[in-house]
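Hydrogens, waters and symmetry mates are skipped; everything else that's a heavy atom, side chains included, is used. Chain identifiers are assigned alphabetically (A, B, ...) following the order of the sequence lines, protein sequences preceding nucleic acid strands; residue numbering begins at 1 within each chain.
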Amino acid sequence: LSNSDLIPSIKLRHCCLLRNQRCLVAYLYDRLLRIRALRWEYGSVLPPNIRFHMCSEELQWFSQYKKSLASFMRSLGAGEGLDITQDMKPPKSLYIQVRCLKDHGELEIDDGTVILLKKNSQHFLPRWKCEQLIRQGVLEHVVS
Amino acid sequence: MDTQSYLPVQPGVGMEENFLSLDDILLSHERLPTRTECAFPRLGFLEKSSDTQDIPEGTKMELPLWLSKGLYEKKRRVLSVELPKVYREGWRTVFTADPNVVDLHKMGPYYYGLGSQMLHFDSPENPEIAQALLQTFIGRFRRIMDSSQNAYNEDTSALVERLDGLEKALFRSGQSGLNGFQSWEKGEASTLTASSLVLNYRKRKITDVQP
C-alpha cells in the first residue's frame with residue numbers, strides 16, 4: 001500500500017476535521033452575535049443567569065464591546081455624547097404610563113422622589129427612566 | 001416592529017455557502033447518493049453493510065453534502081454524485097407543468113439550496129437543473145408574496161406547509177412587514193416593548209448543573 005493510495009482516506013478524514021471546525025466556529029460565532037444583541041436589548045449589565053452561561057472569553061468580549069460602544073457614543077454630538085441605545089423607537093411624549101410586571105424595589109427619579117416598583121402598580125414616569133426596564137420585561141408600557 | 005439586534009449569518013446565495021451560516025450547515029447535512037471511484041483504504045468501518053477493512057472502488061454510499069463536496073474532484077477520480085430524484089428530468093417536467101402544486105417542503109426541505117449545491121458536481125444536466133430551479137421559483141414567488149402580504153392575524157400554517165426553507169423565510173419577511181405596517185397604522189409603533197431575546201431567556205431557568 002503506497003502512500004499515494006492513502007490520499008483519499010486522508011482527504012476524507014481531513015474533510016471531517018474541517019466540518020467539526022466549521023460547526024464549532026459557527027456555534028461560537030452565533031453565541032457572540034446573541035451576546036452583542038444583549039447589549040442593545042438588555043443593557044450594559046447582564047443578569048446573573050445569563051452571565052452564568054457565558055465563558056470567561058465571552059465575558060471579556062462583552063466588556064470590550066461595551067467599552068468600544070461607550071467611547072463611540074461619547075464621541076457623538078461634537079463631544080457631548082449621545083446614548084444611541086435609548087429612543088430606539090421615536091418618542092411621542094416625555095412621560096409615559098407604565099405598569100409593573102414584577103417587584104423591582106425602589107426607583108429614584110431625577111427630582112429626588114422615590115417610586116416603589118411593586119408588582120401591578122402603575123406609574124406615570126419619564127420615558128428615559130423606563131425604557132430599559134420595559135425592554136428588560138420589568139415594566140409594561142400602558143397605552144390608553 | 002421589534003428592533004432587531006440579533007442578526008444571524010444569512011445562508012449563501014446561489015452556489016456559495018456561507019461558512020458561518022447555521023442554515024447552510026444544516027443544508028450541507030443533507031445526504032446524497034454517491035459512488036466511490038477509487039478505493040478508500042482502512043475506512044471500511046464507515047461502511048456498515050460490509051465487513052472489509054477498506055472501502056473498495058465502486059461502493060455506493062449515502063454521503064452528506066459537505067463530505068461529497070469535500071471529496072469531489074473534477075476529473076472524477078474520487079467520487080461520483082448521483083442527482084437526487086427531485087432534480088432529475090421526471091420531476092423537472094412536473095415542476096414546469098405547474099410549480100404551484102408541488103409540496104417543496106416534502107421535496108426538500110432545502111429544495112433550492114440543495115439544488116444550487118448540486119451544480120458543483122458537473123452533471124451534464126446542470127443547465128437544465130439551474131433552469132428548473134429558477135423557473136420553479138419564479139412560478140411560485142407571486143403567490144408567496146401575495147399571501148404573505150394579505151394574511152393578517154390568521155393561521156398561516158396551510159399557506160406555509162408546502163414551502164421550502166427559502167420560501168418560508170420570504171413568507172416570514174413579508175408577514176413581518178405587514179404586521180409592522182398594521183401596527184404603525186394603529187399607532188402602536190411607538191409603544192415600547194420588552195425585548196424578545198430577553199423574554200426567551202426568561203423562559204429557560206437555570207437547571208442545577210453538576211455540584
Side-chain angles (χ1 to χ4, degrees), chain A residues 1-2 5-19 21-23 25-30 33-43 46-50 52-53 85 87-93 96 98 101 127 130-143, chain B residues 1-9 17-26 28-29 36-44 46 54-55 57 63-73 77-79 184 186-202 204-206 209:
Chain A
L1 206 67
S2 76
D5 290 337
L6 288 172
I7 288 175
S9 301
I10 294 171
K11 201 167 177 214
L12 193 146
R13 187 171 172 273
H14 195 69
C15 287
C16 297
L17 295 174
L18 290 177
R19 175 67 172 183
Q21 183 193 47
R22 180 184 182 188
C23 293
V25 172
Y27 170 69
L28 291 174
Y29 188 72
D30 192 71
L33 292 177
R34 289 169 186 271
I35 291 167
R36 180 179 73 175
L38 282 172
R39 171 63 189 89
W40 292 89
E41 299 209 11
Y42 191 86
L46 295 178
N49 62 326
I50 291 184
F52 181 80
H53 289 294
T85 65
D87 295 329
M88 301 277 240
K89 296 180 178 174
K92 298 285 184 205
S93 57
I96 53 173
V98 294
L101 295 174
R127 185 202 162 86
C130 307
E131 190 167 355
Q132 196 177 37
L133 291 172
I134 294 173
R135 275 216 289 272
Q136 292 173 358
V138 175
L139 298 176
E140 184 187 18
H141 187 180
V142 177
V143 196
Chain B
M1 268 165 88
D2 201 11
T3 46
Q4 264 296 24
S5 317
Y6 166 60
L7 304 162
V9 179
E17 284 186 57
N18 275 342
F19 183 79
L20 294 172
S21 159
L22 298 177
D23 285 316
D24 277 342
I25 290 176
L26 288 175
S28 51
H29 203 63
T36 59
E37 299 295 331
C38 71
F40 286 82
R42 307 204 203 146
L43 292 182
L46 291 175
D54 311 325
I55 299 178
E57 179 186 326
L63 294 181
L65 177 70
W66 59 265
L67 189 52
S68 308
K69 272 173 84 172
L71 290 175
Y72 181 78
E73 276 171 45
R77 288 182 310 106
V78 189
L79 199 74
W184 174 80
K186 290 190 215 166
E188 281 170 15
S190 51
T191 311
L192 298 170
T193 48
S195 140
S196 48
L197 265 185
V198 175
L199 293 176
N200 283 337
Y201 292 148
R202 251 332 141 50
R204 299 180 174 167
K205 304 261 172 189
I206 291 184
V209 191

**Message:** Counting heavy-atom pairs closer than 4.5 Å to chain B, which one of A/Q136, A/R127, A/R19, A/R34 comes out on top?
**Reply:** A/R19
**Asked** At what distance, to the nearest 0.5 angstrom, does CD of A/Q132 lie from OH of A/Y42?
**Response** 8.0 Å
**Asked** Counting distance only, does the side-chain N/O of B/D24 pair as donor-acceptor with the main-chain N or O of B/N18 below 3.5 Å?
**Response** yes
**Request:** Let me know if A/I7 has heavy atoms under 4.5 Å from chain B in its side chain, its backbone, both or neither.
**Result:** neither
**Request:** Examine whether an atom of B/I25 lies under 4.5 Å from a heavy atom of chain A, and if so say whether it belongs to the side chain, the backbone or both; otherwise answer neither.
**Result:** both
**Choice from B/S28, B/S21, B/G187 maximising heavy atom contacts with chain A below 4.5 Å** = B/S28
**Request:** Of all the heavy-atom pairs spanning A/V98 and A/L139, show the shortest one and how long it is.
**Result:** CG2-CD1, 4.0 Å
**Which of A/C23, A/A26, A/P47 touches chain B most, by non-hydrogen pairs under 4.5 Å** = A/A26
**Message:** What part of A/V25 gets within 4.5 angstrom of chain B, counting heavy atoms only: side chain, backbone, both, or neither?
**Reply:** both
**Prompt:** Between A/E131 and A/M88, is there a donor-acceptor pair closer than 3.5 Å when you use the side chain of the first and the backbone of the second?
**Reply:** yes
**Prompt:** What's the shortest heavy-atom distance between B/P41 and A/S9, and which atoms?
**Reply:** O-OG, 2.7 Å
**Request:** Select one option (side chain, backbone, both, neither) describing which atoms of B/E37 are under 4.5 Å from chain A's heavy atoms.
**Result:** neither
**Asked** chain B heavy atoms under 4.5 Å from A/K92: which part of the residue, side chain, backbone, both or neither?
**Response** side chain
**Message:** Around atom OH of A/Y27, are there more than 12 heavy atoms from other residues, nucleotides or ligands closer than 6.0 Å?
**Reply:** no
**Message:** Is there a side chain to side chain contact (heavy atoms under 4.5 Å, CB included) between A/I96 and A/C130? Walk through the geometry before answering.
**Reply:** CA-CA 8 Å; A/I96 53 173; A/C130 307; 4.1 Å; yes
**Request:** Just give me the residue among A/R39, A/R22, A/H141 that pairs up with chain B most often, heavy atom to heavy atom, under 4.5 Å.
**Result:** A/R22
**Prompt:** Can you tell me if A/E41 uses its side chain to pair, donor with acceptor, with the backbone of A/R135 under 3.5 Å?
**Reply:** no
**Message:** Is B/L46 in contact with chain A via its backbone, its side chain, both, or neither, using a 4.5 Å heavy-atom distance?
**Reply:** side chain
**Asked** Is it the backbone or the side chain of A/C16 that comes under 4.5 Å from a heavy atom of chain B, or both, or neither?
**Response** both
